[in-house]
Amino acid sequence: MGYKAAVVGCTGYVGGELLRLLNNHTRVSIGAITAHSNAGVRLGDVQPHLSSIADVIVKDTTIENLEEHDVIFLALPHGASAELAAQIDPDVLVIDCGADFRLASTQDWEKYYGTPHAGTWPYGLPELPGQRAILSEARRIAVPGCYPTASTLGLAPAVVNNLVDSSDLVIVAASGTSGAGKALKPNLLGSEIMGSAAAYSVGGVHRHVPEILQNLRGLGATDPTLSFTPILVPMPRGILATCTASIRAGITEDEVRKAYSDFYQDEPFVTLLPEGQWPTTAAVLGSNSVLIQFGLDSEAGRLTIISAIDNLTKGTAGGAIQSMNLALGFPETEGLPMNGVAP
């Protein structure tokens, strides 16, 4: 293999998922795997599911350890990528799985993250119109957030085809606990989460709100407004996003189905399910796939779109590798599972 990738932050959930997927990539080999507090440990001690590379030693995250790589994945906490990225050769492909470079608006970044804005990189959601051409030329890529991936792909055909009123968007999205990362938090303890579902960041304060709105404006929505409520549910992985909006007068169910079918007909990872079948998070477990279905409530005058993704695969690491494939000129599906794991 001629290409070598480093994974920074290899001991977290996203880092582990990157390594799982890269280990099956036929065109890119795994180089340095690095961390900070876990430097010097055996990978299998912190990622025991990665048995084929369990004896690899985790290195310290230094610029010296990242030299001579073609691709560097940054799986770091929000706000931690910018300083390291600035030290990396501009010819090296750098893919940030954190939030540092997703937002175009400095005002939005400072409002929701509270630190100086590091800038904006090409956005790693290939399914957006025109985005593949941008990513194919990129050497810096910002991977979307997991909620924005599920929500944007759910709403995109409706917004592009002006089927809905974008001033009246509501998203309620249920997520597994891995979306919160591996750091110990009381609300993520087994005794707290098992048998319970809990809303959080209610009232427009979740950090993914400006990112979703940014995507919708890019799709042609004029002055969109969004009520977004995330819900933590007792499962490790997955997102089920329920997106609703007022539908334009006269729009029929057949028109909606045609709009979604046409929009996603050539997308390898997005499936519009047959009528009557609904997305589940179990069906996308471990895959880079997105399942979508809709319902038109004529009495309420609202369109409801349901989308399901694995937050660690399509929602982060899989989306990162999909973008890497485009940037390096590989087949977009290389190394990425389309089928989930059941039961």
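Excluded from the calculations below are hydrogen atoms, water molecules and symmetry mates; all remaining heavy atoms, backbone and side chain alike, are included. Throughout, residue positions are numbered sequentially from 1 according to the sequence presented.
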Asker: Should the pair Asp262-Lys258 be classified as a salt bridge under the 4.0 Å nitrogen-to-oxygen rule?
Answerer: yes

Asker: Just by distance, with hydrogens left out, do Glu17 and Gln47 show a side-chain donor and acceptor under 3.5 Å apart?
Answerer: no

Asker: Between His117 and Thr106, is there a side-chain donor-acceptor contact under 3.5 Å, judged purely by atom types and distance?
Answerer: yes

Asker: For Asn325 and Leu336: C-alpha separation, side-chain torsions, deciding distance, then whether side-chain contact (heavy atoms from CB on, under 4.5 Å) applies.
Answerer: CA-CA 10 Å; Asn325 286 338; Leu336 293 171; 4.2 Å; yes

Asker: May I ask you to check whether Ser175 and Asn311 show a side-chain donor-acceptor distance below 3.5 Å?
Answerer: no

Asker: Please report the C-alpha distance between Leu273 and Ile292 in whole Å, then the side-chain angles of each, then the deciding distance to 0.1 Å, and finally whether the side-chain contact (heavy atoms from CB on, under 4.5 Å) criterion is met.
Answerer: CA-CA 6 Å; Leu273 293 173; Ile292 293 177; over 6 Å; no

Asker: Is the shortest distance from a Lys or Arg side-chain nitrogen in Asp96 or Arg102 to a carboxylate oxygen in the other one below 4.0 Å?
Answerer: no

Asker: Show, in sequence, the C-alpha distance, side-chain angles and deciding distance for Arg42 and Asp45, and conclude whether the salt bridge (charged side-chain N to carboxylate O under 4.0 Å, His left out) test is met.
Answerer: CA-CA 6 Å; Arg42 176 178 168 271; Asp45 293 340; 3.2 Å; yes

Asker: Quick one: closest heavy-atom pair of Asp100 and Ala80, and the distance?
Answerer: OD2-N, 3.5 Å

Asker: Between Glu127 and Lys314, does at least one N-O distance fall below 4.0 Å, as a salt bridge requires?
Answerer: yes

Asker: Spell out, as yes or no, whether a donor-acceptor pair under 3.5 Å connects the side chain of Gln87 to the backbone of Glu83.
Answerer: yes

Asker: Parallel, tilted or perpendicular for Tyr260 and Tyr264, by the 30°/60° rule?
Answerer: tilted

Asker: For Tyr200 and Tyr147, take the angle between the two ring planes, folded into 0 to 90°, and tell me which bin it lands in: parallel under 30, tilted 30 to 60, perpendicular over 60.
Answerer: tilted

Asker: With a 3.5 Å cut-off and no angle check, do the side chains of Arg237 and Ser178 form a donor-acceptor pair?
Answerer: no

Asker: Would you find a donor on one side and an acceptor on the other, under 3.5 Å apart, between the side chain of Arg132 and the backbone of Pro126?
Answerer: yes

Asker: Restricting to non-hydrogen atoms, name the atom on Leu303 and the atom on Val164 that form the minimum distance, rounded to 0.1 Å.
Answerer: CD2-CG1, 3.8 Å

Asker: When rounded to the nearest 0.5 angstrom, what is the spacing between OG in Ser201 and OH in Tyr112?
Answerer: 10.5 Å

Asker: Indicate whether any N or O donor in one side chain lies under 3.5 Å from an N or O acceptor in the other, for Glu334 and Thr26.
Answerer: yes

Asker: Checking side-chain polar atoms at under 3.5 Å, does Asp165 have a donor or acceptor matched by the opposite partner on Ser246?
Answerer: no

Asker: Could you give the distance from CG (Leu272) to CD (Gln265), rounded to the nearest 0.5 Å?
Answerer: 11.5 Å

Asker: Quick one: closest heavy-atom pair of Val92 and Asp70, and the distance?
Answerer: CG1-O, 3.7 Å

Asker: Strictly under 6.0 Å, is that where the ring centroids of Tyr123 and Phe101 end up?
Answerer: no

